[in-house]
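Naming convention: chains lettered A, B, ... in sequence-line order (proteins, then strands); numbering from 1 in each chain.
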Number of protein chains: 2
Amino acid sequence: MSIRTAENIFETLVDGIVAGRMPPGEPLVEKALAEQFGVSRTPVREALHRLEQARLAERGARRAFFVRQMAPDDLAELFEAAGEVESGLAALAANRMSEIERRKLEAILAEGDACDDPEAYGAINARFHDTLKSGARNAILAATLDELNLRTLAWRAANFHEDASRLETSRAEHRGITEAILAQDAETTRRLMRSHVASSYIVLTDILARRAE
Amino acid sequence: MSIRTAENIFETLVDGIVAGRMPPGEPLVEKALAEQFGVSRTPVREALHRLEQARLAERGARRAFFVRQMAPDDLAELFEAAGEVESGLAALAANRMSEIERRKLEAILAEGDACDDPEAYGAINARFHDTLKSGARNAILAATLDELNLRTLAWRAANFHEDASRLETSRAEHRGITEAILAQDAETTRRLMRSHVASSYIVLTDILARRAE
DNA sequence: TTGCTGGGACATGTATACATATGCAAGATA
DNA sequence: TATCTTGCATATGTATACATGTCCCAGCAA
């Protein structure tokens, strides 16, 4: 695997941050990264600027780059924002999903019910949310959610891994959302999805609080 | 006014696009812009990449940059997305605005009622929306709306200027939103704001349709 | 001891030269 | 004549050298 383009470098860095290999606060120095990837500073520089715009990197003294560090308040805002956007998408999806997509959603729900492995469930969970996202027929709003989720992912990865205890709750929430969508009840769908995202935020803060003890 | 930094070039280009001086489809060539601004290609290149990320520029053949051209469907999606985000912000604001902010909102409303100049009303309108945006206490969601609005602004500027006929309708919608906020009724606020944004979209498409005749 | 000042180190910012890719047109060939 | 090839024009992509700005620390003075 040879990294030669700015695009590849950007993706590699995003992956490193989202996966937690590059923890918040880690310095990102153009020259060092250039040597590491075997390229000049130019493409690295471009990748770092894109990271900054994606809010995955921030700048400190000497305008130096670092992997972004988020305060707890920022995290609350981030999840709240993601909740508003994703619940908007879900409400649109309730009105617009095709019969085939509704069937697919039910199938994914059933798959989740039959799954006890947290890691596999994570993949099913992603497909559930992706189905709603594409069912909303709004690529711009979907891209907006993706941008926000990239940041929540980065935070989660740096702090904790999937928790099996939440599995049953998540299943129940997904079931409620699915039922609201099948009933084409947009406002109920919106409310339940907002609550679902908020609930995942609460789980996260609980884990952090327990760890702090 | 001497332009020397990438930041300044970016802002200058954004302003040119949003104000409609650089119409959709206009080619953005690194070398030509560099000469025009009296700098090298490097900062221009950086500015163009930022424009691309802000979705104000797009790339065509030879990876060349152009001022972004939006299809009517994209415009519908864009306004729908902005409506979801801004209505979310408004709903949050209904629960969170301070007494002082509520008074300010009423004052701005009264100011708008007493104003008949479309251009001055535009400024008052902006203050109305800004007050809600800051009242929501979520900087991330507010920034998300700003990004989307930059794109709607670019589109509007390239196509039409403020229309006096909509003034009375806008006033009535603002009044409804304000009343819902004073009543701390988040869900009504959300609904009215979504409808308000949709209404401005309809006005825009009407103007375009009439022009096409 | 404390505070100010100047220089050096180090990071990003910019300029410029060269590399690469692609669309287009002209010309050769079937 | 139609098509394929080849070369050029032109745009961005990358490498490298130099410019700029700021933090830090050493050293001197009050």
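Taking a cutoff of 4.0 Å between a charged side-chain nitrogen and a carboxylate oxygen, A/Glu187 and A/Arg190 qualify as a salt bridge. B/Arg127 has a carboxylate O that lies under 4.0 Å from a charged side-chain N of B/Glu111, or vice versa, which qualifies the two as a salt bridge.
The interatomic distance linking A/Asn8 (CG) with D/dG13 (P) rounds to 13 Å, in whole Å. In this entry the distance linking NZ of A/Lys31 with P of D/dA17 reads 12 Å, nearest Å. The separation between A/Arg63 atom CZ and D/dT22 atom C1' is 11 Å, rounded to whole Å. Put simply, CZ on A/Arg50 is 14 Å from C1' on D/dG13, counting in whole angstrom units. Between B/Glu46 atom CD and D/dT14 atom P the separation is 14 Å, expressed in whole Å. Distance CZ (B/Arg59) to C1' (C/dG23): 16 Å, rounded to an integer number of Å. Spacing between atom CG of B/Leu33 and atom P of D/dA11 amounts to 11 Å, rounded to whole angstrom units. The separation between B/Glu35 atom CD and C/dA15 atom P is 13 Å, rounded to whole Å.
Taking a 6.0 Å sphere around CZ of A/Arg103, one finds it holds 12 or fewer heavy atoms contributed by other residues, nucleotides or ligands.
Comparing C/dT12, C/dT14, D/dT12 against the side chain of A/Glu30 picks out C/dT12 as the nearest. The side chain of A/His49 lies closest to C/dG13 when the candidates are C/dT14, C/dG13, D/dT12.
At a cut-off of 3.5 angstrom, the base of C/dG13 holds at least one donor-acceptor pair with the side chain of A/Arg41.
Across all strands, B/Leu28 comes closer than 4.0 Å only to sugar-phosphate atoms, never to a base (heavy-atom distances). B/Arg45 comes within contact range of at least one nucleobase, with a heavy-atom separation under 4.0 Å.
Checked by atom type, the side-chain pair A/Asn149/A/His129 shows no donor-acceptor distance below 3.5 Å. A donor-acceptor pair shorter than 3.5 Å cannot be found between the side chains of A/Thr152 and A/Tyr201.
For the OP1/OP2 pair of C/dA15 and a distance below 4.0 Å, the side-chain nitrogens and oxygens of B/Ser40 include at least one atom meeting the criterion.
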